[in-house]
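Heads up: the structure comes next, in structure tokens.
Naming convention: chains lettered A, B, ... in sequence-line order (proteins, then strands); numbering from 1 in each chain.
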There are 2 protein chains.
Amino acid sequence: ICELENASRHYGSGPTLVKALDDFSVTFQPGEFTVLSGPSGSGKTTALNLIGLLDNPTSGVVKIDGQSTAGLSSRALTEIRGHKIGFIFQSFNLVPVLSALENVELALHLSGLDEGVTRELAAESLAEVGLGDLLDRRPNQLSGGQQQRVAIARALVKKPKLLIADEPTANLDSKTGNQVLDLMARLNQEHDATFLFSTHDPMVMERARRVVKILDGRLVEDEKRGA
Amino acid sequence: ICELENASRHYGSGPTLVKALDDFSVTFQPGEFTVLSGPSGSGKTTALNLIGLLDNPTSGVVKIDGQSTAGLSSRALTEIRGHKIGFIFQSFNLVPVLSALENVELALHLSGLDEGVTRELAAESLAEVGLGDLLDRRPNQLSGGQQQRVAIARALVKKPKLLIADEPTANLDSKTGNQVLDLMARLNQEHDATFLFSTHDPMVMERARRVVKILDGRLVEDEKRGA
Ligand SMILES: Nc1ncnc2c1ncn2[C@@H]1O[C@H](COP(=O)(O)OP(=O)(O)OP(=O)(O)O)[C@@H](O)[C@H]1O
Ligand SMILES: Nc1ncnc2c1ncn2[C@@H]1O[C@H](COP(=O)(O)OP(=O)(O)OP(=O)(O)O)[C@@H](O)[C@H]1O
Ligand SMILES: [Mg+2]
Ligand SMILES: [Mg+2]
């Protein structure tokens, strides 16, 4: 469903050159439940941003459903993201002036669904992450973990084929984190959605069926495991 | 060294009343290494913000070094914070237009020290959290865990008597997280600094000598342990 082919992401040049991602090649199949693991600063967010079409590689190719995204217009990329990809950001990226409900509804604005329907789907998605009573709160009226869960609900509400989650349980206690992982496991099984997480959390690690390890921007290990 | 006496923090009123903290009383002694633990949304950030003088209680009293802070001017509170308290925010709160080095130096601007000295202390503090090569990067040129470590370096550089850390390892891998905890343990022992963490991380929990549990804004347990 998605693939990085010799993808690199460089910043600066000459003496200040930083290879955030370095000649990275990996392929993900539909239905996978994969963790991208590596130390702080190793390139996880960079890799996920490329796969999620939020950023462009300096060299190499990103493919979604076998189709290369090189040279696509930013409108075309937005279209693919809107329909196929759900993204949970490491720093949430909620809209400060919108309520939790409106933030989640935003994800459905390209869906062509009627407003009454999107409102209901958004409310349901928030209830599933335990925020059913907090629909009207704005982000600055929510705790860190509550904001993280709004970001999660927003990504899951459109039942995307590819769900990319950048440290989705960092601000959650283990009970809440497990509830979120159960939700994702269900979506993975019922909809054959592909899940790609970066994490430092052992609880997420142990649910992974495949672990891809990154160090200094490079792929160092790729291991399938029996779940 | 600090104390909450029947402290409450309410938002809204009537039907929308939220008791983020509810009649919370706790005393911390110099040299403690204490974890505040509780589910997402239970009131940890709220409690830490009151103890760190970043917020005012709706009712009840906050005391620092036995002195009540009720009715102190915002200038007086800033003075106490500047000299006695180091705070690591759950969402880092770095200044976007300043480099990592400048962000850390900011914490020393009330110290009366010479600029050459503060520059050196800041560089040292960043080296201790593994960021010695990244002094000139701005926050948006750093990974999530690197930003978290700048926030940590900034809080530690002034060797405060009271260090308050809101989920300081949330974005760190276990090796980096342990390095940070070792640093804090050293400061705790060498300077008799009081450490108060909120965390969901079992690695931080197990180093705690005292665990205070919070649920729905209320104190539910307070347990000393042998380290
Ligand atoms: N401005 C506000 N208006 C209304 N409720 C608020 C406001 N700010 C915080 N709250 C509520 O107060 C409660 C405590 O929030 P707090 O941020 O202290 O939780 P926390 O324990 O730090 O959670 P987490 O582990 O998710 O960071 C939460 O239920 C939150 O929704
Ligand atoms: N704009 C930039 N300019 C220079 N270097 C950058 C920039 N953005 C990121 N980097 C560097 O790229 C590397 C990879 O960053 P990335 O955010 O992908 O790490 P990460 O694995 O997600 O780390 P964490 O676990 O801390 O979130 C880091 O060393 C970071 O400092
Ligand atoms: Mg990251
Ligand atoms: Mg919090």
Side-chain angles (χ1 to χ4, degrees), chain A residues 11-12 16 18 20 37-49 89-92 94 129-131 133-134 136-150 152 166-180 198-203 205 213-215 217, chain B residues 11-12 16 18 20 37-49 89-92 94 129-131 133-134 136-150 152 166-180 198-203 205 213-215 217:
Chain A
Y11 294 102
T16 66
V18 175
S37 155
S40 169
S42 54
K44 302 180 294 300
T45 295
T46 305
L48 296 187
N49 284 348
F89 295 86
Q90 188 166 2
S91 53
F92 320 151
L94 301 179
V129 293
L131 301 180
D133 298 333
L134 305 181
D136 300 325
R137 296 274 187 90
R138 265 175 289 115
N140 68 355
Q141 296 172 326
L142 293 172
S143 78
Q146 290 166 342
Q147 292 174 28
Q148 186 150 43
R149 284 181 275 161
V150 176
I152 291 166
D166 199 348
E167 302 196 32
T169 60
N171 287 283
L172 302 178
D173 54 280
S174 58
K175 177 154 170 281
T176 315
N178 267 314
Q179 282 170 357
V180 161
S198 78
T199 191
H200 296 301
D201 184 349
M203 212 167 66
M205 293 290 306
K213 289 197 174 150
I214 183 171
L215 188 62
Chain B
Y11 294 102
T16 64
V18 175
S37 155
S40 169
S42 54
K44 302 179 295 297
T45 295
T46 305
L48 296 187
N49 285 347
F89 296 85
Q90 187 166 2
S91 53
F92 321 151
L94 302 179
V129 293
L131 301 180
D133 299 333
L134 305 181
D136 301 324
R137 294 274 187 88
R138 265 177 288 115
N140 69 354
Q141 296 171 326
L142 292 172
S143 78
Q146 289 166 343
Q147 292 174 28
Q148 185 150 42
R149 283 181 276 160
V150 176
I152 291 167
D166 200 349
E167 302 195 33
T169 59
N171 288 283
L172 302 178
D173 54 280
S174 58
K175 177 155 170 278
T176 314
N178 266 313
Q179 281 170 357
V180 161
S198 78
T199 192
H200 294 304
D201 184 349
M203 212 167 66
M205 294 290 304
K213 289 198 174 149
I214 183 171
L215 188 62

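- Atom-to-atom distance recorded for Asp173(B):CG and Lys44(A):NZ is 6.5 Å, nearest 0.5 angstrom.
- Atom CG of residue Asn140(B) and atom OG of residue Ser91(A) lie 11.0 Å apart, to the nearest 0.5 angstrom.
- Considering only heavy-atom pairs separated by less than 4.5 Å from chain A, the leading option among Leu172(B), Leu134(B), Thr45(B) is Leu172(B).
- With chain A as the partner, the residue from Pro202(B), Gly145(B), Ser174(B) showing the most heavy-atom pairs under 4.5 Å is Gly145(B).
- Contact of Gln146(B) with chain A is made through backbone and side chain together, with heavy-atom distances under 4.5 Å.
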* Does the pair Arg137(B) and Val18(A) meet the rule for a side-chain contact (heavy atoms from CB on, under 4.5 Å), with working shown? -> CA-CA 11 Å; Arg137(B) 294 274 187 88; Val18(A) 175; 3.1 Å; yes

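- The two residues Gly41(B) and Ser143(A) come nearest to each other via the heavy atoms N-OG, 3.5 Å.
- In this structure, NE2 in His200(A) is found 12.5 Å from NZ in Lys175(B), a value given to the nearest 0.5 Å.
- Closest approach of Thr176(B) and Ser40(A) over heavy atoms only: OG1-CB, 4.4 Å.
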